[in-house]
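To start, the structure itself, in structure tokens.
Throughout, protein chains are lettered first and strands after them, A, B, ... in sequence-line order, and every chain is numbered starting at 1.
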Number of protein chains: 2
Amino acid sequence: MLPNQYENIDRFPVALDTIIFGFDRQNLKLLLIKRDFEPEKGNWSLMGGFLEADESLDEAASRILTKLTGLKNIYLEQLYGFGEIDRDPVERTISIAYYSLINIHDHNKELVEKYSARWFPIDDLPDLIFDHHKMVEAAKGRLRHKAATQPVGFELLPEKFTLPELQQLYESIYETDLDKRNFRRRILSMNVLEKTDEKQKKFSKKGAYLYRFDSKKFEKQKAEENGAGLSFKPPKV
Amino acid sequence: MLPNQYENIDRFPVALDTIIFGFDRQNLKLLLIKRDFEPEKGNWSLMGGFLEADESLDEAASRILTKLTGLKNIYLEQLYGFGEIDRDPVERTISIAYYSLINIHDHNKELVEKYSARWFPIDDLPDLIFDHHKMVEAAKGRLRHKAATQPVGFELLPEKFTLPELQQLYESIYETDLDKRNFRRRILSMNVLEKTDEKQKKFSKKGAYLYRFDSKKFEKQKAEENGAGLSFKPPKV
DNA sequence: CCAAAAGTGTTAGGGTTACACCCATGT
DNA sequence: ACATGGGTGTAACCCTAACACTTTTGG
């Protein structure tokens, strides 16, 4: 056995913080928790936790997300590593931020209650502890970029959804209005939606057709277009 | 003073690994070092080091880069956090990868020698230790993306450069050929280049005009276009 | 019958691509 | 004079954005 050459290296707690996006058919929202421990007890915060020895970063982020939502196999993507010296007043930590997209109706209510968590509209967030605001800003940017590049956001919707709902989601992500006709054309031309013959009448008398995301078609497209990808650009501001 | 609530948290060495791009007017290259310590002694590796207590992640990456190149104020951007459990056989570490763009003629030769470092063409790299190949792939993707979105790569060139040289650089980044006329039009329409009246005659009898990157114009543009940004897209594959 | 949301096509303009010839000069 | 790389313009096409009316149906 070799001696451990890393003997004299500094070691740090590695935190994972998760930005959790949800969509309630109206607004894009974030799930935040109210800290019940010091420091910053009683203030709003992203859900987070510390890396443990037997898990990768991805696994840890996933574990932390499950802890709050009860959900497994959630869409989760690493965002950025935050490592300012004084970002945590207790002790020097570094934090890898992840963001996730979940179906807002789909989480475990008891767990959310246990953590005093609440959904906040993305454009009306409370103050957040530490550098969590920076993390949220980064996540918003990433989500916008992602939505511009590939059909994203299906994770935020129920299995079946209408085109007006999907448009509403994109409008929340871009914080702008989109033209109905152009939106439909573009999203349908991506060829990853499957129309059902059911109608959703909750929001209109006429009713809107329900669509389903066809992940087979999506995978096929991704494979064919080798990375260049399906493209959905935000309008120019 | 509060008791440290993080008392029972696991702690890990946090590595920084840097992907160093350079360009020799012909090919895009990476600066790699030959490890002179175990494990994997004698094998090629990215330049790396460990985070210390008194520096942020960015500062650490910058320190490590200076250690190898002698250069300060280098273009440096965080890439991704790598944290597989067994990525380092010595001990569980996590690594935040950074990539940087430097002028290939501009580094300290002695230091490079001290680390047995060498420039490798991007399309002819040796085997790398640990997960460094994954890091390089991620960096290539990021650079390509960045070049498509904004005028990048001036960091890789000397202060004055010709348009054919710049085109050569973009061609290396995209690994494809570009049309001379279209390239010129697009790059000049970005309005961030300043023409000098000097000519570079090293590569042709006629000589090519030298240009300079005008960072004032660039900043102005960035400000005006609020993020949407100057756009330079790669051709479709 | 009417209010309210869903659904549908066309046109004009801007941007991207494809493409070929002349210029300057060192040898 | 000629070989070598540098420099220039235009036309076709495609994609995007702008835009208004009809359909359905619950109340």
Could you tell me how far apart [X] ([atom1]) and [N] ([atom2]) are, to the nearest whole angstrom?
| X | N | atom1 | atom2 | answer |
| --- | --- | --- | --- | --- |
| B/Gln167 | D/dG5 | CD | C1' | 12 Å |
| A/Tyr209 | C/dG7 | OH | C1' | 10 Å |
| B/Leu188 | D/dG6 | CG | P | 15 Å |
| B/Arg184 | D/dG5 | CZ | P | 15 Å |
| A/Phe183 | D/dC19 | CZ | C1' | 18 Å |

| query | Residues in salt bridge (Lys or Arg N to Asp or Glu O under 4.0 Å) with B/Lys160, at least two apart? | reply |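 B/Glu198.
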| field | Residues in salt bridge (Lys or Arg N to Asp or Glu O under 4.0 Å) contact with A/Lys29, at least two apart in sequence or another chain | value |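 Here the qualifying residues are A/Asp24.
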| message | Can you list everything that forms a side-chain hydrogen bond (donor to acceptor under 3.5 Å, both in side chains) with A/Glu171? Sequence neighbours excluded, please. | response |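 Partners of A/Glu171 under the side-chain hydrogen bond (donor to acceptor under 3.5 Å, both in side chains) test: A/Gln167.
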| task | For A/Asp58, enumerate each residue passing the side-chain hydrogen bond (donor to acceptor under 3.5 Å, both in side chains) test, keeping only those at least two apart in sequence or located in another chain. | result |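 A/Asp58 satisfies side-chain hydrogen bond (donor to acceptor under 3.5 Å, both in side chains) with A/Tyr98 only.
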| Pair listing, side-chain hydrogen bond (donor to acceptor under 3.5 Å, both in side chains) test, anchored in residues 121-135 of chain B, at least two apart |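 Output for this query lists B/Arg87-B/Asp131.
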Looking at [X] and [N], is any side-chain donor or acceptor paired with a base atom of the opposite kind under 3.5 Å?
| X | N | answer |
| --- | --- | --- |
| A/Lys206 | C/dA6 | yes |
| B/Lys180 | D/dG7 | yes |
| B/Lys205 | D/dT4 | no |

| task | Quick one: list whatever passes side chain to side chain contact (heavy atoms under 4.5 Å, CB included) with B/Lys114, sequence neighbours left out. | result |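 Side chain to side chain contact (heavy atoms under 4.5 Å, CB included) list for B/Lys114, sorted by chain: empty.
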| said: Among residues at least two apart in sequence or on other chains, which ones pass ring-ring contact (aromatic ring centres under 6.0 Å, His included) with B/Tyr99? | reply: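 Expected list: none.
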| task | Compute the ring centroids of A/Phe218 and A/Phe154, then answer whether they are less than 6.0 Å apart. | result |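 Ring centroids of A/Phe218 and A/Phe154 are no less than 6.0 Å from each other.
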Filtered N/O pairs between nucleotides 9-12 of chain D and protein, under 3.5 Å:
{"unit_1": "D/dT10", "atom_1": "O4", "unit_2": "B/Arg185", "atom_2": "NH1", "d": "3.2"}
{"unit_1": "D/dT10", "atom_1": "O4", "unit_2": "B/Arg185", "atom_2": "NH2", "d": "3.4"}

| query | Which ones in residues 194-203 of chain A lie close to DNA chain C, meaning a heavy atom under 4.0 Å from one of its atoms? | reply |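 Residues of residues 194-203 of chain A that come under 4.0 Å of DNA chain C are, in numerical order, A/Phe203.
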| query | Does B/Leu71 offer a backbone N or O that forms a donor-acceptor pair with the side chain of B/Thr66 under 3.5 Å? | reply |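 Yes, because the side chain of B/Thr66 sits within donor-acceptor range (under 3.5 Å) of the backbone of B/Leu71.
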| said: On DNA chain C, compare the nucleotides closest to A/Leu163 and B/Ser204; which residue's is nearer the 5' end? | reply: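 The 5'-side residue here is A/Leu163.
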| said: Less than 4.0 angstrom between a side-chain N/O of B/Arg186 and OP1 or OP2 of C/dT16, yes or no? | reply: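 Looking at the OP1 and OP2 atoms of C/dT16, neither is under 4.0 Å from any side-chain N or O of B/Arg186.
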